[in-house]
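Working notes, structure below.
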Amino acid sequence: MDELPEFNRAALEALRLPMQDGEVLISRATGTVRLPAQSLVVAAMNPCPCGHLGDPRRDCRCADQRVAAYRARVSGPLTDRFDLRVEVPRADAHGAPGEPSAVVAARVAAAHELLQVSRPPLDAPAERLLMDAVERLALSARSRDRVQRVAGTIAALAEREHAAADDVAEALAYRLELTP
Amino acid sequence: MSAADELRVVLAGAASGVDPGRLARRHGASALLRATPSVPERMGALPALVDALWLARDSDAGAYRRDLAARGISCVTVSDESYPARLRELHDPPLALFALGPQTAALDPQIRSAAIVGSRRAAEGGLRLAERLARAVASSGGLVVSGLALGIDAAAHEGALAGGGPTIAVLGCGVDVPYPRRNRSVYRRIAESGLIVSEYPPGTPPAPWRFPARNRLIAALADVTVVVEARARSGALITADHALDLGRDVLAVPGSPGVAAAAGTNGLLKSGAGLIEGPEDLCGWLGLDPPEVPAPPDDEDDRRLLAALSEGPAHPDALSAALGVGAGPVVAALTRLQIAGRVSPDGQGRWRAG
């Protein structure tokens with residue numbers, strides 16, 4: 001979903017159930033049906049209506065209220081359901097090329113296979129860090145579960161049997177707040 | 001002079017859009033109000049002010065004060081005992097001072113106080129220095145005064161709030177008017193934990209001619225005035241002039257020779273202002289013990305990360321490239337340092353120290 005805030009509000013909010021429970025609930029006068037809707041939702045948005053907020057090379061021309069109104073179109077509960085939220089800065093045209101996609105794909109496939117069997121649990125220092133973070137960063141119960149899952153995925157990608165404190169710290173970093 | 005009459009004169013001034021301060025100081029607020037209209041006219045009051053004074057003569061100043069109090073706004077006039085002693089040193093002290101926020105104790109002249117002012121369009125380096133200076137003053141028990149303008153002013157208030165100390169914002173409009181709007185978040189936080197003051201009654205809209213006048217209050221409320229970054233003819237230089245008139249020290253942060261953005265501050269230094277390079281210098285002028293520098297973290301990567309961030313806010317990808325460390329470990333380290341209170345996200349995807 002490109003330009004996420006441009007979608008209609010009701011459509012966006014309808015994403016919450018499939019993102020959370022992997023199903024949709026359709027209600028009609030004759031009854032209600034539940035249908036499976038396992039989904040992987042990938043979305044992108046600009047930092048502000050003009051697209052330049054935070055860009056070191058271009059000045060943003062948006063009034064603060066416009067930025068806030070633009071970002072508020074994506075509600076907090078919906079934001080919460082995106083496990084990974086990252087800022088993507090301007091790409092450097094002359095930068096070094098990243099890792100080849102084929103290598104990443106192989107690593108993801110291996111991790112996926114591992115995760116089908118079990119998700120690496122947190123080790124003791126990781127548990128402590130997560131408890132600290134819940135306190136210091138005021139995480140909701142849902143956020144806590146999500147961070148734990150993402151930390152397990154990071155550990156699986158690195159082929160580790162336990163998620164370490166660094167995995168939890170990395171998972172916590174993928175929680176960009178949309179409120180300016 | 002009666003405090004109620006002073007308040008009535010201030011309200012008449014606000015209603016007419018004419019500053020009654022000069023006449024009230026010379027003839028007394030009661031004389032302005034209690035005479036027949038021909039008297040203020042002969043004193044040189046403009047017709048709009050004469051009318052407003054006549055209408056205000058029997059207004060209920062007590063009820064007005066109670067209304068303000070119900071909105072959390074206090075009001076002292078120049079004949080009140082609790083009128084800030086620092087403002088009495090002005091040759092034109094405001095007739096009344098309105099205040100919003102819990103930190104009225106910060107007006108105590110015993111508290112060491114620095115005004116931190118400068119350009120509304122300051123460069124990143126100037127903003128960061130203003131923030132560090134303010135944080136050091138606040139966390140070592142001093143007060144930071146500024147004018148809630150964009151740029152250096154806002155950075156100074158932010159630094160003081162981050163340092164956990166009191167900060168006073170002096171406005172050129174009513175204390176209940178969050179202006180400029182882009183600073184309304186810092187306005188709200190100062191109203192919650194600092195003090196917002198103005199000589200104009202609540203509801204007064206911002207007007208360009210009121211801003212130079214409020215600069216004299218900024219200078220008066222501080223022991224020293226620091227100009228962080230200013231062009232020639234910047235409003236911050238007006239604040240510095242007021243500080244000199246009051247016999248207070250003026251300090252300036254040097255800039256590169258010949259750079260227009262630093263022409264104002266370099267000019268101050270040329271004429272003898274104290275030179276400020278960092279928080280230790282400012283704390284020295286104020287006679288405050290500079291805050292302790294927290295011990296560097298044990299981890300080598302964390303130390304390098306903090307060193308890189310001391311140059312300015314940076315995106316994790318840029319830090320990863322600069323330090324030759326993978327992006328994953330970089331964000332993990334940033335989060336650990338965030339939990340330890342050493343770094344924070346800037347809301348635009350970058351991280352900054354502190």
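The chains referred to below are lettered A, B, ... by the order of the sequence lines, with proteins before strands, and numbering in each begins at 1.
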Legend entry - Residue A:Gln116 excluded, over 12 heavy atoms near CD under 6.0 Å: yes

Legend entry - Contact origin within A:Leu137 toward chain B - heavy atom pairs under 4.5 Å: side chain

Legend entry - Greater than 12 external heavy atoms within 6.0 Å of B:Glu277's CD: no

Legend entry - Straight-line distance of B:Thr335 OG1 to A:Arg136 CZ, nearest 0.5 Å: 13.0 Å

Inset, instruction - Step through the shown structure and confirm whether more than 12 heavy atoms of other residues, nucleotides or ligands are within 6.0 Å of CD on A:Glu113. - result: no

Inset, instruction - Name the region of B:Ile339, side chain, backbone, both or neither, that has any atom closer than 4.5 Å to a heavy atom of chain A. - result: both

Legend entry - Flag if over 12 foreign heavy atoms under 6.0 Å of CE, A:Met131: no

Inset, instruction - Using the side chain to side chain contact (heavy atoms under 4.5 Å, CB included) rule, take B:Arg336 and A:Asp166 through it: C-alpha gap first, then chi angles, then the decisive distance, then the call. - result: CA-CA 8 Å; B:Arg336 266 196 318 263; A:Asp166 269 0; 3.0 Å; yes

Inset, instruction - Of all the heavy-atom pairs spanning B:Ala332 and A:Ala169, show the shortest one and how long it is. - result: O-CB, 3.2 Å

Inset, instruction - Measure across A:Glu87 and B:His315 and return the closest heavy-atom pair with its distance rounded to 0.1 Å. - result: O-NE2, 3.3 Å

Inset, instruction - Check whether more than 12 heavy atoms from other residues, nucleotides or ligands sit under 6.0 Å from atom CD of A:Glu13, and answer yes or no. - result: yes

